[in-house]
Amino acid sequence: QVQLMESGGGLVQPGGSLRLSCAADRIQFQIYVFDWYRQAPGKERELVATISTDGIVDYAKSVTARFTMSRDAAKKTVYLQMNSLKFEDTGVYYCNARSIYDEGLKYWGQGTQVTVSS
């Protein structure tokens with residue numbers, strides 16, 4: 001009964017790029033705010049970026065100017081374009097959806113692994 005599914009992770013060299021996708025075709029896409037989180041080994045989960053229902057994005061300081069979050073209503077998919085990747089970007093990336101009508105209604109994906117290594 002998973003509602004979100006991340007994909008696009010993998011192994012990439014420093015300075016490289018990846019595009020993560022979060023498929024949300026099983027929910028009413030337009031009434032959800034979406035977040036990207038990541039968790040590095042041995043560290044707490046951190047918020048990477050948030051996108052509103054109107055497409056306004058807020059980024060963590062560590063990824064501003066390197067990452068771009070977007071949403072496509074026709075495809076019911078949220079994206080995270082990651083450029084100029086660094087070793088410290090390594091971690092499991094998770095998609096989260098939050099209903100604008102019920103703050104307690106949230107969905108998480110299973111996560112996708114991103115490894116930045118030379």
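Heavy-atom basis, side chains included; hydrogens, waters and symmetry copies ignored. By convention here, the first residue in the shown sequence is residue 1.
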> With heavy-atom distances below 4.5 Å as the criterion, would you say the side chains of Met5 and Gln110 are in contact?
yes

> Where do Thr53 and Gln30 come nearest, in terms of heavy atoms and distance?
CG2-O, 3.4 Å

> Of all heavy-atom pairs between Leu4 and Ala24, which one has the smallest distance, and what is that distance?
CD2-CB, 3.6 Å

> Can you tell me which residue among Thr68, Leu47, Val48 is in a side-chain contact (heavy atoms from CB on, under 4.5 Å) with Tyr59?
Thr68

> Please list, chain by chain and in numerical order, all residues satisfying side chain to side chain contact (heavy atoms under 4.5 Å, CB included) with Ile31, sequence neighbours excluded.
Gln28, Ser99, Ile100, Tyr101

> Kindly indicate whether the side chain of Tyr107, heavy atoms from C-beta on, has any atom under 4.5 Å from the side chain of Ile27.
yes

> For residues Cys95 and Phe34, determine if any side-chain heavy atom of one lies less than 4.5 Å from a side-chain heavy atom of the other.
yes

> What do you reckon, are the aromatic ring centroids of Trp36 and Phe67 less than 6.0 Å apart?
no

> Linking I/L/V/M/F/W/Y whenever their side-chain heavy atoms sit closer than 4.5 Å, directly or via other members, would Tyr93 and Val12 fall into one cluster?
yes

> Compare every heavy atom of Leu11 with every heavy atom of Ser117, then report the nearest pair and how far apart it is.
CB-CD1, 4.0 Å

> Asp25 vs Lys75, test: salt bridge (Lys or Arg N to Asp or Glu O under 4.0 Å). Steps then yes/no.
CA-CA 8 Å; Asp25 58 319; Lys75 297 181 179 180; over 6 Å; no

> Search all heavy atoms of Met69 against all heavy atoms of Ile51 and return the closest pair with its distance.
CE-CG2, 3.4 Å

> Using every non-hydrogen atom in the two residues, find where Phe87 and Ser118 come nearest and quote the distance to one decimal.
CE2-N, 3.9 Å

> Would you say the side-chain atoms of Arg45 and Tyr37 include a donor-acceptor pair closer than 3.5 Å?
no

> Does one hydrophobic cluster hold both Phe29 and Leu105, with members joined at side-chain heavy-atom distances below 4.5 Å?
yes

> Heavy atoms, side chains only, cut-off 4.5 Å: are Leu18 and Val114 in contact?
yes

> So, using side chain to side chain contact (heavy atoms under 4.5 Å, CB included) as the criterion, who are the partners of Val92 when residues are at least two apart?
Tyr94, Gln113

> Has Arg26 got a side-chain atom pairing as donor or acceptor with Val2's backbone, closer than 3.5 angstrom?
yes

> Indicate whether the side chain of Thr50 and that of Asp35 have a donor and an acceptor atom separated by less than 3.5 Å.
yes

> Output yes when a side-chain donor or acceptor of Glu6 lies under 3.5 Å from a complementary backbone atom of Gly111, and no otherwise.
yes

> Could you state whether Val33 and Val57 fall into the same hydrophobic cluster, counting links through intermediate Ile, Leu, Val, Met, Phe, Trp or Tyr residues with side-chain heavy atoms under 4.5 angstrom apart?
yes

> Determine whether Asp89 and Arg66 make a side-chain contact, defined as any pair of heavy atoms from C-beta on separated by less than 4.5 Å.
yes

> Okay, side chain of Arg98, backbone of Gly104: is any donor-acceptor separation there less than 3.5 Å?
no

> Look at atom CD of Glu88 and say whether more than 12 heavy atoms of other residues, nucleotides or ligands are closer to it than 6.0 Å.
yes

> Going only through I, L, V, M, F, W and Y residues with side-chain contacts under 4.5 Å, is there a path from Leu20 to Tyr79?
no

> Residues two or more places apart in sequence or in another chain: which of them pass side chain to side chain contact (heavy atoms under 4.5 Å, CB included) with Ser17?
Gln81, Asn83

> Looking at Ala74, is its backbone amide N or carbonyl O close enough to the side chain of Asp72 to form a donor-acceptor pair, meaning the two atoms are under 3.5 Å apart?
yes

> Give, for atom OG1 of Thr90 and atom CZ of Arg38, the distance between the pair rounded to the nearest 0.5 Å.
9.0 Å

